[in-house]
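These notes concern the structure reproduced below.
Lettering of chains follows the sequences in order, A, B, ..., and the numbering in each one begins at 1. Keep in mind that the numbers below use all heavy atoms, side chains included, and drop hydrogens, waters and symmetry copies.
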Amino acid sequence: MRFAPGPSGPLHIGHTRAAILNDEYCKRYGGKFILRLEDTNPEKIDPEAYEMIPQDLNWLGVDIDEMTVQSDRFEIYYRVTVELIKAGVAYVCTTDPEIWREMKLAGKPVEDRDLGPQEHLERWGRMLDGTYSEGEASLVIKTDLDHRNPAVRDFIGMRIRDGPHPRTGDRYRVYPLYNLSVAIDDHLMGCTHILRGKDHLNNTIRQEYIYRYLGWDIPVFMHYGLVSIPESILKTSLIRQEIQKGNYTGWSDVRLGTLQALAARGFDPRALREYWTEVGIKSVDISFSWENLISKNRSLIDGGARRFFFVPSPMLITFKHESVLNAAIPYHPQRPELGMRAHRVLPEDGSVRLYVPEKDIMGSGDGSLIRLKDLCNVRLVDICRGVGEFAGNDISSVKEERGKIVQWVGTRSPPMEIYTPEGETLIGLAEEGIEKEVTPGEIVQLERIGYCRVFFNNGLKANMTHE
RNA sequence: GCUCCCAUAGUGUAGACCGGCCAAUCAUUCCGGCCUUUCGAGCCGGUGACACGGGUUCGAAUCCCGUUGGGAGCACCA
């Protein structure tokens, strides 16, 4: 089987269904996974993609058994083309494309079509040697002009393009088009099963003509339905522009739908695999569900995500207390084996100073009791000035009064910025010590915020995975 | 316009090939309840679908036809 993207940029979620499902079939039935980079359109190539695509697949957990690049295979395409011309099923067309198209729709042959193999062989030579200039001639594969489906009638197999190719320079000027190169490669590389999107249904019919002309066995074609991916930025050409303008930080900007972005957010690639294998290969058109993917991802990462406090819009509160306050908080409420983190809160001049989320406090009235989670109780005296008084350490009194339980951080807590996929930046204070305890790239759960992948870049930062 | 593909709850999916075991599965979302030192965590419960119309049949989500709806293609893109 094969996965055959054009190297126009890095992979995004739109690519993952084909990549994962092909890989999954190979793994289940002992098949071979071929990555084929289809770079026969020199205008739509990003040289970096030759590196990025295998990396993306690697992150996805796809095992590449073999990798080929179409621009290494011009001679093969040329050789098969000659065969097709000799067989009288391909012709070099010099008719104006506009007219060629009209004739085709009308089901009529252009003059060139029936000239005979010898003439076309000569013309083919003139395509290769530069006698014909770009746009003047192209190689057409014959099908049936009276085919009831107009989309299937004669299609272009080779065209002339003079601009340089990032890999082959100006060594070749005649480029194969999708249907010709794909049919040749799929057969020569021994693909017995082709799994691709339903948008290729007509291409399959075209390619089958080539198989029949050359007496090749026709592989098993499977076409899954179209996927519409909501709320995602996927178009590589557009992303590239915006990166250049500085509107995105790069291909891994968390707002994007690239695999690099999903990786930066801390997605587990197994979530994508589970998602797509559950969706399967049926040919109904579907809309991609972030909700379902996120749910799968959450259950994969939750067990390993240590909990930490994060206080957005911090507000300082003070209360009188002479002695040290100690807190021991489990890293994961369901997994005590992950241990606890300990905090010592030291009073200064007989007063304790802590930050709490502004929103949690402003909603309470003067005189209400709150619980600083895992630390102690405080009765709010003057909310506007952030003044409270120590109210013991008995959680039951807070429950009786139905007081709020709030997160808190100490005065030496590091500031932290969290970048969300929606493009927002949450600014606040993270729990003291987190910068030492967390390894870069670790996925944690900031309680009441969501899962985040922490990193350091001029301070403590995090990409939001999801809630 | 022509051709092709498709149609089960908000989303995805099982059941369809081989009609009865389907008063339709599972997951997710949503809504309740329980639990919990605030976790979008766990447990329990609930709402919610066979697009429509004919036909075949004792019996249709399942087979046939039509309608409607959605999608794709008719490129010198892949």
Side-chain angles (χ1 to χ4, degrees), chain A residues 4-8 36-45 70 93 97 100-101 104-105 107 127 134-140 147-161 174-179 181-182 196-206 223-228 230 274-280 282-296 298-299 302-303 305 307-309 327 329-330 332-335 357 360 370-377 393-396 398-399 403-408 445-451 466-467:
Chain A
S8 57
R36 187 173 66 225
L37 296 175
E38 307 205 319
D39 56 348
T40 54
N41 181 2
E43 286 145 36
K44 282 191 186 168
I45 295 173
Q70 286 193 319
C93 180
W100 177 78
R101 201 173 301 124
K104 188 170 80 157
L105 284 174
M127 276 180 78
E134 187 174 314
E136 224 172 38
S138 57
L139 180 102
V140 180
H147 200 288
R148 40 203 311 259
N149 183 353
V152 171
R153 295 173 197 160
D154 287 18
F155 60 92
I156 310 286
M158 291 272 190
R159 64 167 178 175
I160 299 168
R161 199 93 315 185
V174 178
Y175 289 89
L177 260 30
Y178 182 76
N179 283 294
S181 57
V182 162
R196 45 157 56 146
K198 215 164 73 168
D199 47 330
H200 288 296
L201 239 18
N202 284 326
N203 289 328
T204 296
I205 302 172
R206 294 184 180 122
H223 302 93
Y224 57 76
L226 259 80
V227 183
S228 74
E274 281 179 24
Y275 179 80
W276 287 123
T277 48
E278 183 178 297
V279 168
K282 69 176 194 180
S283 51
V284 227
D285 297 339
I286 62 161
S287 77
F288 178 82
S289 167
W290 281 105
E291 218 169 60
N292 291 2
L293 176 72
I294 285 171
S295 152
K296 289 187 185 311
R298 187 180 295 133
S299 61
D302 181 74
R307 269 60 170 169
F308 288 96
F309 288 170
I329 314 168
H332 195 297
Q334 281 76 47
R335 298 190 60 203
D360 287 343
I370 60 164
R371 170 75 178 176
L372 299 176
K373 189 171 185 261
D374 297 303
L375 186 71
C376 68
N377 304 340
N393 205 355
D394 179 14
I395 181 85
S396 58
V398 178
K399 287 189 172 172
K404 263 187 197 160
I405 299 172
V406 300
Q407 294 180 58
W408 52 272
Q445 190 200 79
L446 301 176
E447 288 188 45
R448 289 179 83 194
I449 302 290
Y451 298 93
H466 47 66
E467 291 185 335

**Message:** For A/W408 versus A/A327, what's the shortest heavy-atom pair and its separation?
**Reply:** CZ2-CB, 3.9 Å
**Message:** Categorize A/G225 for me: base, sugar-phosphate, or nothing, with a 4.0 angstrom heavy-atom threshold over every strand shown.
**Reply:** nothing
**Message:** Categorize A/R153 for me: base, sugar-phosphate, or nothing, with a 4.0 angstrom heavy-atom threshold over every strand shown.
**Reply:** nothing
**Request:** Provide the distance between the two C1' atoms, one in B/A7 and one in B/A51, to the nearest whole Å.
**Result:** 7 Å
**Request:** Please name the pair of heavy atoms, one in A/N377 and one in A/N393, separated by the smallest distance, quoted to 0.1 Å.
**Result:** ND2-C, 4.1 Å
**Prompt:** Under the 3.5 angstrom rule, does the side chain of A/R206 hit a backbone N or O of A/A151 as a donor-acceptor pair?
**Reply:** yes
**Request:** Could you let me know what B/G1 is paired to, Watson-Crick or G-U wobble, both distances under 3.5 Å, or none if it's on its own?
**Result:** B/C74
**Prompt:** Under 4.0 angstrom, heavy atoms only, what part of the nucleic acid is A/Q445 near: base, sugar-phosphate, or nothing?
**Reply:** base
**Asked** What is the nucleic acid contact for A/K404, judged by heavy atoms within less than 4.0 Å: base, sugar-phosphate only, or nothing?
**Response** nothing
**Separation of the P atoms in B/A23 and B/A16, to the nearest angstrom** = 15 Å
**Item:** Span that lies between the C1' atom of B/G42 and that of B/G59, in whole angstrom
**Value:** 45 Å
**Item:** Inter-nucleotide C1' distance (B/G15, B/A60), Å rounded
**Value:** 13 Å
**Message:** Considering every strand and a 4.0 Å limit on heavy-atom distances, what is the contact class for A/D199: base, sugar-phosphate, or nothing?
**Reply:** sugar-phosphate
**Asked** For B/G32, which nucleotide is its Watson-Crick or G-U wobble mate, given both distances must be under 3.5 Å?
**Response** B/C44
**Asked** Say you pick atom P in B/C35 and the same atom in B/U25; how far apart are they, in whole Å?
**Response** 30 Å
**Request:** Could you check whether A/W408 gets within reach of a base, just the sugar-phosphate, or nothing at all, counting any heavy atom under 4.0 Å?
**Result:** nothing
**Request:** State the pairing partner of B/A7; accept Watson-Crick or G-U wobble contacts with both distances under 3.5 Å, and report none otherwise.
**Result:** B/U68
**Message:** Applying the Watson-Crick and G-U wobble criteria at under 3.5 Å, what pairs with B/U37? Answer none if nothing qualifies.
**Reply:** none
**Message:** Taking the P atom in each of B/U13 and B/U8, what is the distance between them to the nearest angstrom?
**Reply:** 8 Å
**Contact boundaries on RNA chain B for chain A, cut-off under 4.0 Å to non-hydrogen atoms** = B/C2 to B/A78
**P gap between B/G33 and B/C17, integer Å** = 44 Å
**Toward the 5' end of RNA chain B, by each residue's nearest nucleotide, A/I156 or A/L372** = A/L372
**Fill in**
Across every strand shown, the nucleotide meeting Watson-Crick or G-U wobble geometry with B/G59 (both distances under 3.5 Å) is none
**Item:** Expected output: side-chain A/R153 to main-chain A/K104 donor-acceptor under 3.5 Å
**Value:** yes
**Fill in**
Walking RNA chain B from its 5' end, the first of A/I395 and A/K282 to be reached, judged by nearest nucleotide, is A/K282
**Prompt:** Hey, does A/R206 reach any base, or is it just sugar-phosphate, or nothing, if we go heavy atoms under 4.0 Å?
**Reply:** sugar-phosphate
**Asked** NA contact type, A/D360, heavy-atom cut-off 4.0 Å: base, sugar-phosphate, or nothing?
**Response** nothing
**Asked** Checking all strands, does A/D285 fall into the base, sugar-phosphate, or nothing category for heavy-atom contacts under 4.0 angstrom?
**Response** base
**Request:** Could you give the distance separating B/G48 and B/C39 at their C1' atoms, to the nearest angstrom?
**Result:** 28 Å
**Message:** Students often mix this up, so state it plainly: with edges at 30° and 60°, are the rings of A/Y178 and A/H200 parallel, tilted or perpendicular?
**Reply:** parallel
**Item:** Minimum-distance pair of heavy atoms, taken over all atoms of A/I160 and A/E134
**Value:** O-CG, 3.2 Å
**Request:** Give a yes or no on whether the backbone of A/G157 and the side-chain of A/R159 come within a donor-acceptor separation of less than 3.5 Å.
**Result:** no
**Complete:** Hits for salt bridge (Lys or Arg N to Asp or Glu O under 4.0 Å) against A/K198, two or more places apart or cross-chain, chain-then-number order -> A/D285
